[in-house]
Amino acid sequence: MQRVFVIGGGAAGCMAAWAASRRGAVVELFEKNDIVGKKMGITGKGRCNLTNSCPMDAFIAKTPGNGRFLHSAYEQFTNRDLCSLLRQWGMATKEERGGRIFPQSDSAVAVRKLWYHKLLQAGVTIHLQEEVQHIAYRDSFFVITTANGVYEGDACVIATGGVSYPTTGSTGDGHRFAAALGHTVTPLKPSLIALVTQEEWPKQLAGLTLKNVEASIWKNGKPTARQFGEMVCTHTGISGPIILQLSSVMAHHKKMAFPIDIRLNLKPALRPEQLEQRIWRELQAHIRQDAKNALKTVLPQRLLAVVLAAAHISQETVAHQITKEQRRRLVTALQALPLTAVCTRPIEEAIVTAGGVEVKEINPKTMESKYVPGLYFAGEVLDVDAFTGGYNLQAAFSTGYVAGSAAAQEDEA
Ligand SMILES: Cc1cc2nc3c(=O)[nH]c(=O)nc-3n(C[C@H](O)[C@H](O)[C@H](O)COP(=O)(O)OP(=O)(O)OC[C@H]3O[C@@H](n4cnc5c(N)ncnc54)[C@H](O)[C@@H]3O)c2cc1C
């Protein structure tokens with residue numbers, strides 16, 4: 001009987017261990033924390049955005065980090081397979097805006113606890129608080145060294161995650177193991193990460209959420225990517241869903257280097273001439289008021305001050321004194337407010353790590369190493385990363401399923 005080691009008890013490792021056990025292997029899971037799925041337990045702001053209801057092809061499109069590599073894994077274990085497995089286990093799911101799927105209970109902790117319970121039920125031996133220090137491959141066997149002992153087995157799945165949120169246990173150990181076993185590790189970069197801006201105004205407005213705005217990245221005078229939705233001002237710059245998605249585009253754009261020009265469209269639903277009309281009506285209606293009061297229905301007051309400054313209009317200018325040229329500048333400031341991203345926040349704060357084990361060295365049908373027979377990789381340790389929306393967890397579950405299932409097959413040679 002095949003003896004399979006799984007290193008790391010995150011989403012990918014839990015799934016790999018369960019899938020291998022289901023195929024009849026003797027499975028030992030090593031997790032350095034005192035629980036499995038510590039990161040899983042904080043996902044989706046504590047609600048765990050498990051996956052997405054979109055077709056699997058769309059998953060690939062939403063995965064700028066080597067999405068096509070996942071094609072076969074997504075054929076073998078889909079979003080529907082995940083939901084149906086959870087349903088069999090008694091966990092109902094629900095769909096929300098943008099096809100995002102959450103547990104009905106809205107509890108990421110419930111998902112993590114369910115995995116622990118199901119792994120025990122499947123007969124997986126779980127070594128908690130047992131950090132793997134070294135993995136060696138000798139005479140077709142894997143020798144795993146931990147602080148508690150040395151173990152020998154037939155197959156090994158490395159599912160140690162990336163390097164972001166290291167307090168959840170993902171500190172890059174798998175990259176070290178992969179490199180020692182002859183694999184290439186592509187440069188690690190933060191993705192789905194807040195941006196630090198040169199401008200001070202977002203920092204002064206820290207905590208302000210802007211809904212229904214559009215942010216775009218500009219290069220050589222042209223927009224290269226845009227996102228519509230919610231943005232948040234932070235004490236160092238900007239964040240929120242649309243900024244996180246743009247950071248992913250930045251991480252994968254080979255020719256993009258900081259500083260990066262960003263423009264904010266605070267009124268994307270209006271054409272410039274409609275917006276100018278709207279401003280004109282407000283100014284006419286409050287003809288004796290100063291600009292900051294006359295236009296207070298157009299934008300929140302604190303943001304209005306920023307826009308007036310960008311349009312070089314004093315806040316004290318009386319409405320009837322505002323010229324057509326100033327109105328035009330106001331429209332430009334409202335629809336193309338410039339921001340300069342000077343860098344991202346540190347990789348430790350990223351939702352995912354871009355970069356990792358080079359996927360060209362991995363068989364996409366099995367997740368097996370092309371160099372070391374019996375060695376498998378799953379989850380974020382691979383050079384795979386996606387947008388927000390449940391795509392990263394699905395990637396971890398699908399690759400975990402494929403790796404665990406393949407690792408359980410006895411070598412027929
Ligand atoms: C705050 C936050 C929210 C997120 N929300 C979502 C979301 O809602 N939906 C979504 O799709 N994605 C989300 N993600 C991304 C998603 O959580 C990850 O992509 C996914 O969990 C990766 O799973 P993994 O199993 O590959 O790695 P991890 O979950 O990082 O698990 C790796 C495990 O390996 C263990 N380990 C590491 N080294 C060793 C070692 N040497 N010995 C033993 N054990 C070791 C670690 O302790 C850890 O438990 C979120 C990420 C963060 C940080």
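In each ligand, atom 1 is the first atom listed, and ligand 1 is the first ligand listed.
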Winner among [options] once heavy atoms are compared against [atom]:
{"atom": "atom 48 (C) of ligand 1", "options": "K38, E31, K45", "answer": "E31"}
{"atom": "atom 3 (C) of ligand 1", "options": "T399, D385, T43", "answer": "T43"}
{"atom": "atom 37 (C) of ligand 1", "options": "G169, G8, C14", "answer": "G169"}

Check your understanding: Tell me, which protein residue and heavy-atom name are nearest atom 39 (C) of ligand 1, and how many Å apart are they?
Key ->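 In this structure, atom 39 (C) of ligand 1 has K32 CE, 3.4 Å as its nearest protein heavy atom.
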
Review point. What is the closest protein heavy atom to atom 50 (C) of ligand 1, and at what distance does it sit?
Key: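 That would be I351 CG2, 3.4 Å.
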
Point to revise | Residues S170 and E380: side-chain donor-acceptor under 3.5 angstrom | key: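 Distance-only check fails for S170 and E380.
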
Review point. Using a distance-only test with no angle check, is there a side-chain donor-acceptor pair under 3.5 angstrom linking T146 and E130?
Key: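 The answer is yes; a qualifying pair exists.
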
What part of [X], side chain, backbone, both or neither, has a heavy atom within less than 4.0 angstrom of ligand 1?
{"X": "K39", "result": "side chain"}
{"X": "F30", "result": "backbone"}
{"X": "V352", "result": "side chain"}
{"X": "A395", "result": "neither"}

Check your understanding: Can you list the residues that meet the ring pair (Phe, Tyr, Trp, His ring centres under 6.0 Å) rule with F102, with sequence neighbours excluded?
Key ->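 Not a single residue meets the ring pair (Phe, Tyr, Trp, His ring centres under 6.0 Å) criterion with F102.
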
Exercise for review: Applying ring pair (Phe, Tyr, Trp, His ring centres under 6.0 Å), name anything that partners H286, two or more places apart in sequence or on another chain.
Suggested key: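 In terms of ring pair (Phe, Tyr, Trp, His ring centres under 6.0 Å), with neighbours along the sequence ignored, H286 is linked to no residue.
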
Practice item. Examine H134 together with F177 and report whether their ring centres are nearer than 6.0 Å. Key: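 Ring centroids of H134 and F177 are no less than 6.0 Å from each other.
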
Review point. Does atom NZ of K292 have more than 12 heavy-atom neighbours from other groups under 6.0 Å away?
Key: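 Check passes, neighbour count above 12.
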
Review point. Among I279, L283, I313, which residue meets the side-chain contact (heavy atoms from CB on, under 4.5 Å) test with Q326?
Key: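 It is I313, the one option of I279, L283, I313 that forms the side-chain contact (heavy atoms from CB on, under 4.5 Å) with Q326.
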
Review point. Does S164 come within less than 4.0 Å of ligand 1, judged by its heavy atoms?
Key: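 It does not; every heavy atom stays at 4.0 Å or beyond.
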
